[in-house]
Amino acid sequence: MDLRIFTEPQQGASYDTLLTVAKATEDLGFDAFFRSDHYLAMGSSDGLPGPTDAWITLAGLARETRRIRLGTLMTAGTFRLPGVLAIQVAQVDRMSGGRVELGLGAGWYEAEHTAYGIPFPKEKFGRLEEQLAIVTGLWETEVGATFDFEGKYYRLADSPALPKPAQPKVPVLIGGLGASRTPRLAARYADEFNVPFASVADSERQFGRVRAAAEEAGRKPDDLVYSNALVVCVGKDDAEVARRAAAIGREVEELKANGLAGSPAEVVDKIGRYAEIGASRVYLQILDLDDLDHLELISAEVQAQLG
């Protein structure tokens, strides 16, 4: 089971804080550092000192880390034109020596679009499908050839399709709980399918839909990686669990029901239940980015037991 650290910087984090967490992620043996792609805090957080851009952040981390994978859960398709996104991701992949992964979603949080003057189109899923076709098509175009695309939302003509990523293929992540269009899109474009913040039962159901869609598309279902994103709150004892839950404004029982919370043994057991339904990777949502002791505990007493 791969454990990856997943952060929500829009809730309040500077680049320096993210750098500290990313370096701890690497030093403690986790597989990857991922971040959300939002420009506005949610809930009661004041979001100070203000938002950081996902791909600018990852570009900086690409030069400051050496081993961990770097990526987004999920880049909002509403924030970037697909040709520009292909350039950005390819450049950061080269800056990292080939360690980047692209999670791409349709975008959903209307308030952040209003706050920063970003158009929020009604038809987002059709745009996402074209974005995936364009980004992957640009990367796959041979050097010296050109790329053209004529869609409902985007048109590219005589694109040199440069630069190329360092990796032969940048892994593409698609996720969500949509019952039909999401699995179909994953079957066509995804290297990994992620279910965010869902129960074991709901995850199993969605993994099954993606597997069926992959077979229908002529792919082997096991060609995809299946993963979950879950909030994590681990403590050596009940008091430490309660303290960490209070620090992120959550209740212990709610976290146990909807995420990974409790003692290391409890968390290992619950991760095992996700493994039983086919998940081979978990993104641990870390909400208190100043609590590096939390990462150390997870590394020493959760990750160590999962091999």
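In this text, all values refer to a predicted model and were calculated from it rather than measured experimentally. Along the sequence shown, residues carry numbers from 1. Values below: all heavy atoms of this structure, side chains included; hydrogens, waters and symmetry mates excluded.
Using a cut-off of 4.0 Å between Lys/Arg side-chain N and Asp/Glu carboxylate O, K124 and E110 are scored as not salt-bridged. Taking a cutoff of 4.0 Å between a charged side-chain nitrogen and a carboxylate oxygen, D53 and R80 qualify as a salt bridge. Here K256 pairs with E266 in a salt bridge; the nearest charged N to carboxylate O distance falls below 4.0 Å. Look at E215 and R211 and you find no salt bridge, because none of the NZ, NE, NH1 or NH2 atoms lies under 4.0 Å from a carboxylate O.
A side-chain N or O of S14 and one of T17 form a donor-acceptor pair less than 3.5 Å apart. Looking only at atom types and distance, the side chain of R209 has a donor-acceptor partner in the side chain of Q206 under 3.5 Å away.
For R67 (side chain) and E26 (main-chain N/O), a donor-acceptor pair under 3.5 Å exists by modelled atom type. R281 places no side-chain N or O within donor-acceptor distance of the main-chain N or O of E192, the cut-off being under 3.5 Å. No side-chain donor-acceptor contact under 3.5 Å links E204 to the backbone of V200. Judged by distance alone, with hydrogens and angles left aside, the side-chain atoms of K164 form a donor-acceptor pair with the main-chain N or O of L138 at under 3.5 Å. Side chain of D37 to main chain of A76: a donor-acceptor pair is present (N/O by atom type, distance under 3.5 Å, no hydrogens or angles). Panel note: side chain T78, backbone G107; no donor-acceptor pair is recorded below 3.5 Å.
No more than 12 heavy-atom neighbours from other residues, nucleotides or ligands sit within 6.0 angstrom of CZ on R188. Within a 6.0 Å sphere centred on CD of E123, other residues, nucleotides and ligands contribute more than 12 heavy atoms. For CG of D269, the number of neighbouring non-hydrogen atoms (other residues, nucleotides, ligands) closer than 6.0 Å is greater than 12. Within a 6.0 Å sphere centred on CD of E216, heavy atoms belonging to other residues, nucleotides or ligands number 12 at most. The 12-atom threshold is exceeded at CD of E296, counting heavy atoms of other residues, nucleotides or ligands nearer than 6.0 Å. The environment of NZ in K220 is sparse: at most 12 heavy-atom neighbours from other residues, nucleotides or ligands sit within 6.0 Å.
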**Asked** Does the pair R99 and T65 meet the rule for a side chain to side chain donor-acceptor pair (under 3.5 Å), with working shown?
**Response** CA-CA 10 Å; R99 294 183 284 125; T65 58; 3.0 Å; yes
**Message:** Before you tell me yes or no, could you show the steps for E129 and K152 under salt bridge (charged side-chain N to carboxylate O under 4.0 Å, His left out), namely the whole-Å CA-CA distance, both residues' side-chain angles and the distance that decides it to 0.1 Å?
**Reply:** CA-CA 11 Å; E129 189 161 10; K152 181 178 179 180; over 6 Å; no
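Distance CG/D291 to CD/E240: 8.0 Å, rounded to 0.5 Å. Between atom OG1 of residue T25 and atom CD1 of residue I68 there is a gap of 5.5 Å, rounded to the nearest 0.5 Å. The structure places CZ of R69 at 8.0 Å from CG of D31, a figure rounded to the nearest 0.5 Å. Taking CG from L104 and CG from L185, the interatomic distance works out to 9.0 Å, rounded to the nearest 0.5 Å. With rounding to the nearest 0.5 angstrom, the CZ atom of R250 is 7.0 Å from the CG atom of N258. For the atom pair CG (L156) and CG (D148), the distance works out to 8.0 Å, reported to the nearest 0.5 Å.
Looking at heavy atoms from C-beta onward, N194 lies out of side-chain contact with F34 at the 4.5 angstrom threshold. The closest side-chain heavy-atom distance from L224 to R219 is below 4.5 Å. Between V170 and W139 there is a side-chain heavy-atom pair separated by less than 4.5 Å. The shortest distance between side-chain heavy atoms of V282 and V232 does not fall below 4.5 Å. Using a 4.5 Å heavy-atom threshold, the side chains of L177 and V195 count as touching. When side chains are defined from C-beta on, W55 counts as touching T75, because their heavy atoms get closer than 4.5 Å. The side-chain heavy atoms of F120 and T114, taken from C-beta on, include no pair separated by under 4.5 Å.
Only one option out of T52, T72, T7 pairs with R35 in a side-chain hydrogen bond (donor to acceptor under 3.5 Å, both in side chains); it is T52. Under the side-chain hydrogen bond (donor to acceptor under 3.5 Å, both in side chains) test applied with H38, the options E8, E112, Q10 reduce to a single match, E112.
Between H113 and F79, the ring-plane angle classifies as tilted under the 30° and 60° cut-offs.
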